[in-house]
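See structure below.
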Amino acid sequence: MALYRRIPGAIAVITLTNPPVNALSCTVREAIYETVKRATADQEVKAIVLCGANGKFCGGADIKEFSREMRGPPLVPMIDMIEESEKPVVAVIEGVAFGGGLELALGCHYRIAHSGAQVGLTEVTLGLLPAAGGTQRLPRLIGVPAALDIITTGRHVSAQEAVRLGIVDKVTDSSAMEEAIEFAKTVAGEPMGPRRLSLWTAACPEDLDSLLEGALVRIRQRSRGALAPVACVQAVRAAASLPFAQGMKKEQELMAYLFTSGQARAMQYCFFTQRAAARWTTPSGASWENTKARPVRQAAVIGLGTMGKGIAVSLSRAGIPVIAVETEQKRLKAGRKAVNSMLTRESQKRGLAEAHLGSISFTLDLRKLRDTDLVIEAVFEDMALKKQIFSKLSSVCRPDALLCTNTSGLNIDEIASAASRPELVVGTHFFAPAHVMKLLEVVCGPRTSPVAVATAMQLAKRLEKIGVVVGNCSGFVGNRMMRPYTEQAYYLLEEGARPEEVDLVLEEFGFAMGIFRVMDLSGLDVGWRSRKELGLTGPKLPPGTEARSRGGKRYSPLPDILCESGRLGQKTGRGWYLYEKERVATPDPWLQSFLEDYRSRFGIQSRRVGQDEILERCLYSLINEGFRILQEGIAASPEDIDVIYVSGYGWPRHRGGPMFYAWMVGLPKVLDKLEHYHRTHPDIPNLAPSSMLRKLVARGSPPVHQWRALIQQHSSQL
Ligand SMILES: CCCCCC/C=C/CC(=O)SCCNC(=O)CCNC(=O)[C@H](O)C(C)(C)COP(=O)(O)OP(=O)(O)OC[C@H]1O[C@@H](n2cnc3c(N)ncnc32)[C@H](O)[C@@H]1OP(=O)(O)O
């Protein structure tokens with residue numbers, strides 16, 4: 001709703017009241033109409049102040065209403081009515097003014113913000129565009145280039161930048177409300193015509209076409225295949241070239257097209273699932289409701305390799321004092337140098353004062369960890385080493401200290417078996433670079449206590465990461481699903497495809513990088529090491545093993561051969577691609593002739609592999625593994641899997657996540673295709689459709705939010 005009160009000085013104050021973010025729900029819109037009409041009709045009122053309750057102006061339209069039939073007054077005429085008011089309307093921007101919230105403020109004649117406030121036209125992050133006049137008023141207010149940036153990125157703009165750009169008229173460190181009331185008194189009675197943005201002309205650079213073209217190039221690089229940012233560019237073009245009314249018509253047309261697109265649905269699904277994952281209720285009944293996280297006043301990181309360094313920076317940035325431990329003086333020195341320079345870069349980039357960073361001390365002595373609340377082990381993926389560390393930690397740390405391992409796939413329970421209190425051992429799987437990537441898989445072993453999970457999830461929040469609780473199995477959720485995906489990519493090469501063909505299909509789907517470019521970037525030796533550990537290649541491989549088969553299943557030795565010949569990816573200048581210029585991948589003629597030799601050596605008839613087959617075999621095998629994960633109770637819900645893929649594996653947000661995508665494609669189609677590919681390749685068991693997928697198809701392919709209820713709770717690992 002919106003509360004109305006009249007205060008001395010002939011001012012009407014209208015307060016949007018819809019916790020937690022004062023979203024513009026049907027009821028709120030109705031109340032704004034009514035209160036603005038009341039204020040304009042009231043002879044005693046000379047000016048109107050519009051604010052939001054609880055220190056937040058407005059978080060925009062109510063996203064929950066998007067999936068229902070639209071009711072109540074629409075936003076556009078409501079905002080027009082405010083702009084047309086003869087009495088000045090002053091918006092008080094505290095907290096946030098996002099999406100429709102900022103559009104509402106742009107309809108007001110003046111905007112006064114608190115210095116801690118943020119504004120933004122965030123609709124593009126929900127697969128939409130600012131269709132309550134935002135694409136037409138903002139360019140008129142601040143010029144086309146700045147508006148284009150804000151509208152196409154949906155980025156949050158600080159109050160300081162907002163006043164610099166001219167989005168708000170004034171910023172104050174004290175009470176924005178009091179400031180606005182005093183200001184409203186000074187402008188009461190003035191003509192409002194010059195303050196109506198719809199009457200302004202957008203300041204436009206001479207080279208408008210090249211500005212818009214440049215934006216489209218950046219959009220294609222950043223979010224390939226996403227419709228909303230492209231529509232945003234078209235709407236801003238309309239603002240630059242058409243009268244307001246025609247621009248508004250164009251904005252509405254573009255919005256109607258986006259609103260019903262699968263992409264908007266997928267992105268709104270992402271918005272809600274990310275928040276649902278943070279609420280973590282497990283099938284065994286643990287949740288924030290009944291479990292209290294332990295406070296983390298001091299943390300430690302063991303191992304200052306790539307991951308350890310990023311984790312230490314992440315902790316320090318959250319204001320948590322850290323003790324960083326290494327085994328050798330030389331490594332400690334190098335780690336200290338790297339961490340300190342990362343922190344300096346961070347504080348310069350984010351404007352963080354050193355006082356806000358948690359202190360980091362460096363030591364070779366594990367005994368220094370005796371008062372630590374939480375330890376994160378980030379050493380090599382070596383089970384024996386990890387067990388040795390956990391055993392030592394049990395003797396030096398406080399008995400209630402939480403012991404975390406950053407393993408990316410080893411058995412948490414086996415690691416926990418070396419600790420004296422296995423219930424306080426939990427996996428915290430960070431993603432590289434750990435101080436940048438948002439995802440944290442919180443891995444729960446069979447003996448991990450709910451308190452340990454709650455503490456790790458609380459830590460994720462403090463580190464501004466998205467924590468998702470998963471069960472213990474090889475590779476957990478994310479890496480486990482990657483295996484069949486990468487295997488299919490190798491098989492496609494064996495059968496006739498080229499790396500650049502596979503990558504192009506995946507990039508056109510929306511991944512920032514295709515799988516072969518990703519492998520080259522992270523180093524082919526990472527997978528090689530783990531395949532050697534598993535005895536799939538290298539010295540542990542029994543003599544006489546067939547080159548292309550392991551345990552009766554198809555195996556591709558292609559990546560092993562590349563590694564054996566020193567092609568480890570970008571770092572060696574060669575991998576699946578050639579890197580003559582640093583980081584620039586070019587198709588390598590050597591690889592092409594190597595693949596031809598390989599095929600003729602193994603009698604493989606090379607064929608042209610179509611784009612559909614590339615996409616389906618890569619994605620459906622990954623999705624199929626997701627269904628197995630649900631079946632085994634390793635993830636609590638399909639939404640959790642989707643959050644993991646969108647926030648940690650570059651799955652395009654406008655595709656919702658693998659499980660949502662499967663539902664959008666149609667589960668019967670996914671099942672049918674998997675059956676077809678499995679019939680063609682019976683030696684690839686991953687292609688055999690999972691029973692969970694069959695079950696969902698048999699139940700009529702219910703929407704994703706209903707799957708959780710169908711997952712057998714008794715098989716849950718959580
Ligand atoms: C042809 C049809 C025409 C239709 C025209 C429609 C025009 C649309 C324009 C729009 O306004 S689209 C919406 C634009 N707004 C946003 O993008 C803001 C989204 N929200 C946020 O970014 C954040 O929530 C926040 C406002 C920065 C607050 O962050 P914080 O971390 O403090 O809290 P959260 O956990 O994110 O949110 C708390 C709670 O509130 C729910 N919520 C937030 N925003 C909205 C919203 N706009 N609508 C509905 N619900 C919202 C959020 O889901 C959380 O609830 P939960 O129950 O805990 O999940």
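In each ligand, atom 1 is the first atom listed, and ligand 1 is the first ligand listed. Being a predicted model, the structure only gives us computed values, none of them experimental.
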Is there a nitrogen or oxygen of Thr122 sitting under 3.5 Å from a nitrogen or oxygen of ligand 1? yes

Purely on distance, is any nitrogen or oxygen of Leu126 under 3.5 Å from one on ligand 1? no

Enumerated ligand 1 atoms positioned under 4.0 Å from heavy atoms of [X]:
X	answer
Gly59	14 (C), 15 (N), 16 (C), 18 (C), 47 (N)
Gly99	11 (O), 14 (C)
Gly100	9 (C), 10 (C), 11 (O)
Gly60	11 (O)
Lys64	50 (N)

Quick one: which of Phe271, Phe272, Tyr257 has a heavy atom closest to atom 19 (C) of ligand 1? Phe271

Polar contact flag, side-chain donor to acceptor under 3.5 angstrom, Thr15-Thr17: no

Check the side chains of Ser115 and Gln160 for a donor-acceptor pair under 3.5 angstrom, ignoring hydrogens and angles. no

[atom]: which protein heavy atom is closest, and how many Å away?
atom	result
atom 49 (C) of ligand 1	Asp62 OD1, 3.2 Å
atom 9 (C) of ligand 1	Glu123 OE2, 3.2 Å
atom 1 (C) of ligand 1	Met255 CG, 4.0 Å
atom 52 (C) of ligand 1	Arg275 CD, 3.8 Å
atom 32 (O) of ligand 1	Lys56 CE, 4.9 Å
atom 27 (C) of ligand 1	Phe98 CE1, 3.5 Å
atom 48 (N) of ligand 1	Ile63 N, 2.9 Å

Answer yes or no for [atom]: protein heavy atom present at a distance under 4.0 Å?
atom	value
atom 36 (O) of ligand 1	yes
atom 25 (C) of ligand 1	no
atom 56 (P) of ligand 1	yes
atom 29 (O) of ligand 1	no
atom 11 (O) of ligand 1	yes

To the nearest 0.5 angstrom, please state how far the [atom1] atom of [X] sits from the [atom2] atom of [Y].
X	Y	atom1	atom2	result
Trp280	Trp288	CH2	CH2	6.5 Å
Lys292	Glu289	NZ	CD	14.5 Å
Arg653	Ser223	CZ	OG	11.5 Å
Met70	Arg68	CE	CZ	10.0 Å
Thr172	His114	OG1	NE2	6.5 Å
Leu439	Tyr649	CG	OH	7.0 Å

Does at least one non-hydrogen atom of Arg279 fall below 4.0 angstrom from an atom of ligand 1? yes

Non-hydrogen atom of Pro20 closer than 4.0 Å to ligand 1: yes

For Glu253, what residues pass the salt bridge (charged side-chain N to carboxylate O under 4.0 Å, His left out) criterion, not counting sequence neighbours? Lys249

Pair Tyr269 + His705: ring centers closer than 6.0 Å: no

Are Phe66 and Phe259 near enough that their ring centres are under 6.0 Å apart? yes

Take Arg29 and Glu65 through the salt bridge (charged side-chain N to carboxylate O under 4.0 Å, His left out) test and state the conclusion after the steps. CA-CA 12 Å; Arg29 296 194 307 273; Glu65 286 185 353; 3.2 Å; yes

Audit row: Ser198, Glu83, side chain to side chain donor-acceptor pair (under 3.5 Å) steps and yes/no: CA-CA 8 Å; Ser198 62; Glu83 197 192 62; 2.6 Å; yes

Parallel, tilted or perpendicular: rings of Phe509 and Phe511 (30°, 60°): tilted

For ligand 1, which part of Val21 has a heavy atom less than 4.0 Å away: the side chain, the backbone, both, or neither? side chain

Could you see which bit of Ala61 sits under 4.0 Å from ligand 1, with heavy atoms only: side chain, backbone, both or neither? both

